[in-house]
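Protein chains get the first letters and strands the later ones, always in sequence-line order, with residue 1 at the start of each.
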Amino acid sequence: MPEVDAGDTAWLLTSTALVMFMTPGLALFYGGLVRTKNVLGTIMQSLIALGIVSVLWVLVGYTLSFGPSIGGLIGGLDFIGFRGVGQAPSASYATTTPHLAFAAYQMMFAVITPALITGAAAERLRFSATVLFLGAWSVLVYAPLAHWVWGGGWLGRLGAVDFAGGTVVHVNAGAAALAAIVVLGRRRGHGTEAFVPHNVPMVVTGAAILWFGWFGFNAGSALSAGGLAAAALVNTHVAAGAAILGWLLPERARHRRPTTVGAATGAVAGLVAITPAAGFVEPWAAILIGLAAGMVCFLAVDLKPRLGYDDSLDVVGVHLVGGIVGALLTGILATAAVNGIEGSLGLLGTQVVAVAATIAFSFAATWAILKAIDAVVGVRVREDEEIDGLDLSQHAEVGYTFGERGGSASSTVAVPEAAREKEAVR
Amino acid sequence: MPEVDAGDTAWLLTSTALVMFMTPGLALFYGGLVRTKNVLGTIMQSLIALGIVSVLWVLVGYTLSFGPSIGGLIGGLDFIGFRGVGQAPSASYATTTPHLAFAAYQMMFAVITPALITGAAAERLRFSATVLFLGAWSVLVYAPLAHWVWGGGWLGRLGAVDFAGGTVVHVNAGAAALAAIVVLGRRRGHGTEAFVPHNVPMVVTGAAILWFGWFGFNAGSALSAGGLAAAALVNTHVAAGAAILGWLLPERARHRRPTTVGAATGAVAGLVAITPAAGFVEPWAAILIGLAAGMVCFLAVDLKPRLGYDDSLDVVGVHLVGGIVGALLTGILATAAVNGIEGSLGLLGTQVVAVAATIAFSFAATWAILKAIDAVVGVRVREDEEIDGLDLSQHAEVGYTFGERGGSASSTVAVPEAAREKEAVR
Amino acid sequence: MPEVDAGDTAWLLTSTALVMFMTPGLALFYGGLVRTKNVLGTIMQSLIALGIVSVLWVLVGYTLSFGPSIGGLIGGLDFIGFRGVGQAPSASYATTTPHLAFAAYQMMFAVITPALITGAAAERLRFSATVLFLGAWSVLVYAPLAHWVWGGGWLGRLGAVDFAGGTVVHVNAGAAALAAIVVLGRRRGHGTEAFVPHNVPMVVTGAAILWFGWFGFNAGSALSAGGLAAAALVNTHVAAGAAILGWLLPERARHRRPTTVGAATGAVAGLVAITPAAGFVEPWAAILIGLAAGMVCFLAVDLKPRLGYDDSLDVVGVHLVGGIVGALLTGILATAAVNGIEGSLGLLGTQVVAVAATIAFSFAATWAILKAIDAVVGVRVREDEEIDGLDLSQHAEVGYTFGERGGSASSTVAVPEAAREKEAVR
Amino acid sequence: MKLVTAIVKPFKLDEVKEALRSIGVNGLTVTEVQGFGRQRGHTEVYRGAEYQVDFVPKVKVEVLAEEDQVQPVVDAILKTARTGKIGDGKVFVTPVDQVWRIRTGEMGPDAI
Amino acid sequence: MKLVTAIVKPFKLDEVKEALRSIGVNGLTVTEVQGFGRQRGHTEVYRGAEYQVDFVPKVKVEVLAEEDQVQPVVDAILKTARTGKIGDGKVFVTPVDQVWRIRTGEMGPDAI
Amino acid sequence: MKLVTAIVKPFKLDEVKEALRSIGVNGLTVTEVQGFGRQRGHTEVYRGAEYQVDFVPKVKVEVLAEEDQVQPVVDAILKTARTGKIGDGKVFVTPVDQVWRIRTGEMGPDAI
Ligand SMILES: Nc1ncnc2c1ncn2[C@@H]1O[C@H](COP(=O)(O)OP(=O)(O)O)[C@@H](O)[C@H]1O
Ligand SMILES: Nc1ncnc2c1ncn2[C@@H]1O[C@H](COP(=O)(O)OP(=O)(O)O)[C@@H](O)[C@H]1O
Ligand SMILES: Nc1ncnc2c1ncn2[C@@H]1O[C@H](COP(=O)(O)OP(=O)(O)O)[C@@H](O)[C@H]1O
């Protein structure tokens with residue numbers, strides 16, 4: 001019987017905490033990029049994933065992803081409700097740590113992946129539709145794909161490599177984002193009004209948390225605290241660093257100024273691209289992947305306005321494009337010395353298949369899910385709600401109320417219901 | 001002689017760092033909930049706990065809590081000034097990690113517990129009174145209670161179970177909050193003016209840090225990196241997630257909108273309630289506890305305006321109520337398979353005793369401490385200081401100075417003292 | 001052959017992540033302290049260090065610092081491009097963890113050290129000069145100094161002790177800051193206009209992340225997960241706590257109000273001062289060092305306006321002064337029981353030599369580098385750029401755009417280029 | 001047609017608004033402003049430097065009113081905005097040539 | 001010389017500015033304000049307390065104009081700021097005794 | 001009674017205030033505004049999209065003054081707010097019917 005190793009477990013628990021932290025990090029990253037009136041609505045689209053997807057993961061998500069494979073397509077129901085997921089190691093996954101630790105670690109991936117998609121739909125997705133979408137997508141799209149690649153499914157058997165989720169998380173979320181854009185249509189005023197980030201320091205804070213958490217995401221995917229985890233951590237970091245440079249150089253050339261939002265976005269693009277490669281390449285290759293991701297994603301995002309579609313927060317340009325860059329470069333740059341896999345044209349071909357299959361399945365399934373939700377509750381807020389902003393229309397809140405220094409609320413007239421009731425009684 | 005295990009130590013050190021991070025997280029959570037003019041004063045009430053309580057913990061707090069028990073009531077002075085607390089493991093606590101690591105880990109609990117209380121007193125507590133209160137309370141209330149439950153004291157001997165601080169931290173802080181509310185009275189304008197959170201993204205940031213740190217709080221309380229820690233981590237996470245849903249459902253029913261502040265508060269309520277249970281229950285039970293905590297705390301907070309007392313940031317509604325929910329449900333839902341303890345009516349009875357003893361002691365002692373401080377320096381700011389806000393009146397600062405884009409300060413006339421002196425010399 | 005220990009590795013990887021997080025933490029700490037119009041420019045000066053220095057570290061920085069010593073002055077090129085830095089432990093450094101983990105951990109120190117300097121140059125340093133400076137300085141100043149103390153160089157051989165970077169990081173950065181101040185001159189309006197922090201909660205957030213990350217910085221420097229790491233962690237925490245008190249007491253005496261910015265700055269001063277001492281002293285001594293650092297740094301900063309030089313964010317007053325306090329007190333307060341080194345007059349003398357050598361080398365080299373950069377691209381922004389702020393002039397961005405609640409941008413007229421081009425085509 | 005402008009303490013805004021509503025005023029416009037006057041500002045301290053801030057937060061309330069409504073409006077403001085402490089602010093009346101309601105194009109008294 | 005002041009919905013600002021520019025207006029000044037009027041505000045909910053917020057964000061546009069430019073300016077605003085829904089705001093004209101351009105010291109029509 | 005309004009560059013505010021204080025002005029009210037005029041705005045870049053921002057931050061200074069104080073007030077502003085570069089702003093004077101000090105109810109010259 002496999003035994004729990006305390007060192008490996010310490011690192012896996014730490015990594016789990018780090019990956020959990022990424023989802024609120026994403027909430028801040030996305031929240032800072034939207035207009036003030038949508039900051040809370042955008043934050044909520046990530047925050048609620050921590051609620052709905054976590055619960056669903058325990059109930060059915062984990063078993064569909066990592067239960068004994070049914071024909072390479074989906075996991076069986078052995079682990080339904082975390083039945084049989086205990087303190088002893090699993091026989092198949094992360095065999096030196098508690099099965100519960102592995103299941104928890106994977107839960108955090110299941111939470112953040114659908115949350116990533118919401119960036120494409122920002123500033124117009126209804127909250128009730130968001131909740132339904134996150135839940136349905138995590139079960140119907142994420143779980144199968146995780147199974148295909150990591151749970152003993154057909155893509156993994158084919159030999160596709162994905163260290164920490166380049167296809168399962170990023171290409172998948174990016175393709176789903178594309179479907180969301182198609183279904184939702186453009187925001188009111190898109191292309192004519194200024195949609196500028198309302199709080200860039202918040203964007204940086206979010207990106208910093210993402211970067212920090214990504215050490216858990218990638219180096220944690222070694223599922224042990226040894227050389228492979230160290231290699232993945234180094235690669236993760238230098239790819240992110242190089243991608244900042246990769247983004248800022250063409251940005252400076254084209255717009256005369258390297259921007260802060262660009263640096264933050266470039267770092268995320270590098271982190272996305274290194275995700276599938278982190279445990280397969282050497283540091284110099286990670287630098288190349290980072291540089292490439294920064295540049296290619298910059299070009300993708302810079303091109304966007306010409307294409308006329310409205311990917312509010314560039315999920316396609318960063319996660320789909322960056323994910324593809326990473327998946328393909330992994331096929332070429334993998335070095336056997338790192339983790340036993342050597343890049344080759346054959347491997348590249350397999351990676352192309354994995355990417356294509358992911359895009360096709362994710363786009364189609366997401367499109368169907370959104371159409372179904374649209375038929376039931378409507379995916380898009382009403383026009384007046386969009387003008388008022390998601391914060392007021394979906395949540396009856398505003399992000400900031402600064403204007404009260406020196407006295408009571410200036411713009412807010414305060415009659416809490418209960419006080420009014422009391423008033424009426426007198 | 002017990003030996004240090006590197007894996008367990010790695011996890012305990014990590015957990016210590018995580019729990020430390022919770023106190024500034026709390027500062028942001030609380031700071032975002034108050035009005036702009038009180039943001040720094042509120043932040044300082046947590047920040048200063050890191051100063052005063054940390055130092056006192058080394059000097060006397062640790063030994064009073066964990067020194068050899070004197071009649072089950074208080075720890076002896078063997079560890080005064082951390083004397084004898086060294087790099088080798090303690091014989092009694094966390095026996096596979098350095099004694100210093102255990103003492104440091106417990107220090108972070110001692111820091112955050114009194115900081116929690118300040119939320120009830122927000123927007124009106126004098127800073128000098130805050131410092132005295134935090135110091136006195138940590139020694140006179142926290143240390144005995146920690147001893148009773150965890151240090152070999154009478155509640156632990158009775159069989160009361162509290163995995164990570166449901167009674168020691170949350171019920172304790174919540175009961176103390178109630179005493180603070182009674183002593184301090186209501187804020188000027190309470191019930192008639194709008195007291196709305198000035199910065200909801202800051203609230204979310206704080207809640208996210210709390211959630212992240214809570215993995216250290218609860219899973220760290222296993223004091224080793226193995227199956228129990230993994231179980232506690234899973235339970236912590238899913239309870240928080242379920243509690244978001246538990247809060248938003250009745251909120252939506254009652255106010256037609258699920259709110260961001262509600263989601264953040266619900267998550268905290270779930271984290272509070274799972275704290276005593278984290279190492280004793282299975283994931284499905286953790287989901288139930290989270291759902292229950294979210295709903296019950298929502299109702300408690302929603303009821304508050306009717307009761308007319310002024311618990312500024314709902315410490316009673318979240319920590320006292322949530323802590324009681326968790327302590328009692330632990331008595332019922334504990335499963336022997338997890339950690340050797342099975343829920344029963346008997347255990348429930350013991351839990352009721354522990355909760356009741358905690359509330360009685362904490363309320364009475366806190367009331368006495370605050371009355372004593374009131375007699376010496378006054379606990380409440382003057383009316384004009386309350387109108388000006390704590391930031392200006394207690395700290396001679398303002399939280400934000402945004403209005404200067406494009407030039408020098410617009411609202412701030414800048415004559416630093418020294419410059420004026422120079423001016424005069426010329 | 002040395003073997004990898006999973007527990008030690010788990011802690012070193014965690015520490016690496018924590019130290020990485022400090023650089024964006026610093027960005028927020030610094031960013032909150034400047035005026036609104038410079039918030040992004042200031043953040044970018046740290047953020048870009050994560051890009052440029054990380055890449056350079058892999059290419060040449062690591063080998064110059066930790067390659068086989070050439071005469072005690074500089075490391076040889078054996079590890080150029082991380083050649084030979086693999087998953088097995090190094091024979092010389094951190095011998096129970098992967099060599100890559102050690103190299104990654106040290107990378108984070110190389111990143112944050114030059115970023116610290118930028119605080120002294122805030123609100124006037126050109127972005128292109130920043131990039132050149134960070135890169136050049138990390139190779140020409142940081143790498144030699146790291147080698148001298150930690151890489152087998154002459155200062156280490158002399159017996160100078162520096163647990164986690166008191167001289168290598170803080171005295172070094174502080175002396176460099178002094179050179180930067182001399183080369184750059186004062187900000188426009190310095191001494192007459194109000195330079196007040198634009199976002200104090202952001203300052204606190206940054207300080208909190210620094211504190212959190214510092215557990216990795218100091219306790220990680222034990223390079224193993226055992227008693228020494230625990231001791232370093234305790235010392236780090238209590239020194240920071242005591243330094244808050246050490247700062248606020250004289251501040252209250254002199255200005256009648258203890259401030260939030262003071263508490264945050266005091267904590268950082270304590271963290272700086274405990275850095276060289278963390279693994280050599282007992283907790284009571286750490287409290288003393290913290291108290292001393294808080295007080296001395298307060299006096300240094302309080303004196304500054306009288307001296308008339310413009311150290312924008314007090315890098316000299318906090319890092320140089322705090323670093324000296326720590327280095328010298330380490331020479332006196334080190335206790336053999338902790339880590340085999342006992343404080344003595346002899347050790348104090350060696351520490352003085354180390355500090356003096358660091359200051360002399362760092363000041364001179366930094367001065368030369370900045371003068372060279374000034375000759376090529378100019379170190380200082382133009383006067384109109386300084387008035388407009390770094391955000392607009394260097395990055396074509398603004399930090400915050402709050403004023404749009406309820407509709408489209410009020411102050412931003414939105415014509416994205418591409419949209420305009422389209423318009424023209426029609 | 002006249003414009004009545006009042007500079008008042010921020011925490012009096014609600015009371016002023018309610019008083020105006022109760023005498024039949026249907027609309028007003030509020031601006032956050034900074035006042036300088038006899039009322040002292042405050043001192044701020046950042047890292048050893050003390051700054052004297054002379055400006056005090058105020059709100060400006062503007063009410064378009066027909067001639068015969070001016071005195072009641074002024075009186076309502078004078079009554080509710082007064083605390084008796086320095087810094088209570090000012091009320092002043094300025095002439096208005098013409099007013100339009102944008103929604104309907106209505107002019108004069110019908111527009112307010 | 002007159003001052004034309006308009007209170008309009010924030011998202012109409014760009015259109016108004018462009019319309020004014022197209023009829024030869026060279027400058028204007030904009031202030032963020034809060035309006036109270038027939039247009040309902042909204043409800044906010046925080047931890048079980050509901051707050052009725054009566055104020056609605058608006059922008060104030062001020063244009064100094066020569067007498068003969070007043071009507072075109074007013075018309076341009078009336079036309080572009082109108083949505084037809086309640087809360088479109090007001091335009092009003094007030095007399096101005098004299099104007100100076102600070103940069104040059106020019107007065108009257110030359111100053112605007 | 002007159003109201004002198006000045007739109008000036010934000011970094012000139014302190015100087016203007018001090019100049020006014022030195023000629024005996026006891027109070028004034030300041031508002032943050034956005035100006036549009038001959039002075040060019042700036043370009044912002046976010047993820048590949050360039051935005052032309054036409055508005056420039058300004059502050060509006062309002063001073064209630066007795067008739068005979070108007071010219072000195074205007075002169076003080078013209079002198080201190082001038083940099084000679086485009087965008088220095090405007091000063092204008094509008095008539096005021098009546099002023100009250102809220103604290104005391106005093107009217108006219110006594111109120112300011
Ligand atoms: N001459 C003035 N012109 C414009 N606004 C003024 C003038 N004097 C005072 N104010 C405004 O009125 C406010 C209150 O004035 P202040 O002199 O402090 O008290 P009081 O009105 O009670 O005498 C000031 O903060 C300022 O906003
Ligand atoms: N009497 C008034 N004085 C000053 N401002 C007013 C007045 N009436 C309305 N306003 C302003 O005009 C805005 C729109 O007015 P409202 O009554 O809501 O709609 P409408 O102008 O379409 O009738 C208000 O928000 C307020 O800013
Ligand atoms: N016609 C106008 N009406 C109202 N404000 C104006 C007008 N023209 C200019 N302004 C204000 O004056 C400021 C400066 O004007 P600008 O044309 O840029 O420079 P200058 O006053 O030096 O000619 C503008 O930003 C705007 O706030």
**Message:** Any heavy-atom pair between the side chains of F:F36 and E:V25 that's under 4.5 Å?
**Reply:** no
**Fill in**
Counting heavy-atom pairs under 4.5 angstrom with chain E, the leader among F:I7, F:V56, F:I77, F:T31 is F:I7
**Interatomic distance, F:Q34 atom CD to E:L28 atom CG [nearest 0.5 angstrom]** = 11.0 Å
**Prompt:** If you tally heavy-atom pairs under 4.5 Å against chain E, which of F:Q39, F:K58, F:K2 wins?
**Reply:** F:K2
**Message:** Quick check: under 4.5 Å, non-hydrogen atoms only, which of residues 80-92 of chain F neighbour chain E?
**Reply:** F:A81, F:R82, F:G84, F:K85, F:I86, F:G87, F:D88, F:G89, F:K90, F:V91, F:F92
**Message:** At under 4.5 Å between heavy atoms, what parts of residues 104-112 of chain E are in contact with chain F? List them by residue number.
**Reply:** E:T104, E:G105, E:A111, E:I112
**Message:** Run F:V8 and E:I102 through side-chain contact (heavy atoms from CB on, under 4.5 Å) and show every step you take.
**Reply:** CA-CA 8 Å; F:V8 303; E:I102 295 174; 3.7 Å; yes
**Message:** Rounded to the nearest 0.5 Å, what separates atom CZ in F:F55 from atom CG in E:D14?
**Reply:** 6.5 Å
**Asked** Which of residues 61-73 of chain F get closer than 4.5 angstrom to chain E, counting heavy atoms alone?
**Response** F:Q71
**Prompt:** Would you say F:R38 and E:N26 make side-chain contact, with heavy atoms under 4.5 Å?
**Reply:** yes
**Request:** Output the residues of residues 94-101 of chain F for which the shortest heavy-atom distance to chain E is under 4.5 Å, in residue-number order; output 'none' if no such residue exists.
**Result:** F:T94, F:P95
**Asked** So do the side chains of E:R21 and F:D54 get within less than 4.5 Å of each other, counting heavy atoms only?
**Response** yes
